[in-house]
Amino acid sequence: MSGFVSLVGAGPGDPELITVKGLNRLRAAEVVVHDALLDPLLLEVNPRAERIDVGKRAGQHICDQSAINELLVQRGLAGQQVVRLKGGDPFVFGRGGEEAVALQSAGVRWEVVPGVSSAIAAPAYAGIPVTHRGVASSVTVVTGHEDPTKPGSQLRWAGLANGADTLVFLMGIGRLDEIAAQLIRHGRSADLPAAAVRWGSTAAQQTVVATLGTLAGAVRAAHLTAPATVIVGEVVRLRDRLAWAPADLVHALAA
C-alpha cells in the first residue's frame, strides 16, 4: 500500500478555522505528526491515530527540522496515511516547503492543504483588517525570526518600511525594539499605530495597541509573550470601531 503525506494547515488557534479538507484528512489519518501550539480538540478528532509531537517551542525544540523531514519520509515509505498538522498555513513561515521537498525527493506522494494564516486571522480577531478601502491597499507579511545560522539578514528594511501600507510580523515579539528601530530608521513614523495580538483567535487572546515607537515598551508592560502577531499601519486605528471577538471563545468539533 502506497503511503501518502498531507501537509495540513490547522489555522491560527481557533480549532473551527481548520478547512473541511484538512478536517477530513485528519479523520482519515493513521499517523498525526503535529506542532506544539495546536488546540487539543484537533487531536481528539481522530483518537485512533498515532500522535507524534514534534512541536517547536521558544528555545526548546523536541525535534529539529531535519528529523521531522526524515520522520515524514519514513512513515510515507512505510505505506502509512500521514497528516503533518501545522499551525497556520504550511507554506507561510511554516517550513512546509522544506518538508515537501524532502518528500518529493524521496518519492513519497504528498499534498498541501492550505490553512488560515495567523497573519490575517489574528488581526481580524482583534478587529484590525489588514487592508481597508481608503486606508491600506497593500499588506506585507514578514518573519520576525530569521534562521540564526544564516550569515546575515535577508530582510530589506528600506523596502519593507516604504513598500506596503500594512506590515504584519510573525514570530517577532521578542525583537520588537529592533523591528521598530529599523522601520523608523528607514522612514516609517514612530507615531504610526501598531498592535500586538497574542494567542489570536483563542480564548486567551490579548491585544496591546500603541505606536511603532512605543509598542515594545507597552508589550513589556503588559507582559505579552509569544506566540504573538505584530501589526504596523493605519489599519490599527480601526480596532476602536471593529473590535468584535466574543469574550467566550469556546469551540467544539463534531466527531
Item checked: Ring geometry between F91 and W110 (parallel below 30°, tilted from 30 to 60°, perpendicular above 60°) ->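 Rings of W110 and F91: tilted, as their planes differ by 30° to 60°.
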
Do side-chain atoms of [X] reach the backbone of [Y] as a donor and acceptor pair under 3.5 angstrom?
X: T211; Y: T214; result: yes
X: D35; Y: L37; result: no
X: S105; Y: A102; result: no
X: N46; Y: L26; result: yes
X: T166; Y: V130; result: yes
X: W244; Y: A126; result: no
X: E30; Y: Q81; result: yes
X: R25; Y: V8; result: no
X: R198; Y: T225; result: yes
X: Q205; Y: Y125; result: yes

From [atom1] ([X]) to [atom2] ([Y]), nearest 0.5 Å:
X: D14; Y: D39; atom1: CG; atom2: CG; result: 8.0 Å
X: L212; Y: I231; atom1: CG; atom2: CD1; result: 12.5 Å
X: T131; Y: I120; atom1: OG1; atom2: CD1; result: 8.0 Å
X: T229; Y: F169; atom1: OG1; atom2: CZ; result: 12.0 Å
X: L224; Y: W199; atom1: CG; atom2: CH2; result: 12.0 Å
X: N24; Y: T19; atom1: CG; atom2: OG1; result: 8.5 Å

Check: [Y] and [X] side chains under 4.5 Å, non-hydrogen atoms:
X: P129; Y: L242; value: yes
X: I52; Y: L71; value: yes
X: P90; Y: R84; value: no

Checking [Y] against [X]: is there a side-chain donor and acceptor pair closer than 3.5 Å?
X: E50; Y: Q80; result: no
X: S137; Y: D165; result: yes
X: Q74; Y: E70; result: yes

Would you say [X] and [Y] are hydrophobically clustered, going by side-chain heavy atoms of ILVMFWY under 4.5 Å?
X: V116; Y: L42; result: no
X: M171; Y: V139; result: yes
X: L77; Y: L72; result: yes
X: V208; Y: L167; result: yes
X: L7; Y: F4; result: no

Notebook entry, point to check: Do any pairs count as a side-chain hydrogen bond (donor to acceptor under 3.5 Å, both in side chains) and have a residue in residues 186-195, sequence neighbours left out, and if so which ones?
Noted result: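 Not a single pair qualifies under side-chain hydrogen bond (donor to acceptor under 3.5 Å, both in side chains).
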
Margin query: Could you go through R109 and S2, starting from their C-alpha distance and side-chain angles, then the distance that decides it, and tell me whether this counts as side chain to side chain donor-acceptor pair (under 3.5 Å)?
Written below: CA-CA 8 Å; R109 294 189 307 139; S2 178; 3.2 Å; yes

Next item on the list: Please name the pair of heavy atoms, one in S138 and one in G163, separated by the smallest distance, quoted to 0.1 Å.
Entry: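 Shortest heavy-atom separation between S138 and G163 comes out as OG-O, 4.4 Å.
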
Margin query: side chain to side chain contact (heavy atoms under 4.5 Å, CB included) for D177 and R220? Distances and angles first, verdict last.
Written below: CA-CA 11 Å; D177 288 297; R220 283 191 289 270; 2.6 Å; yes

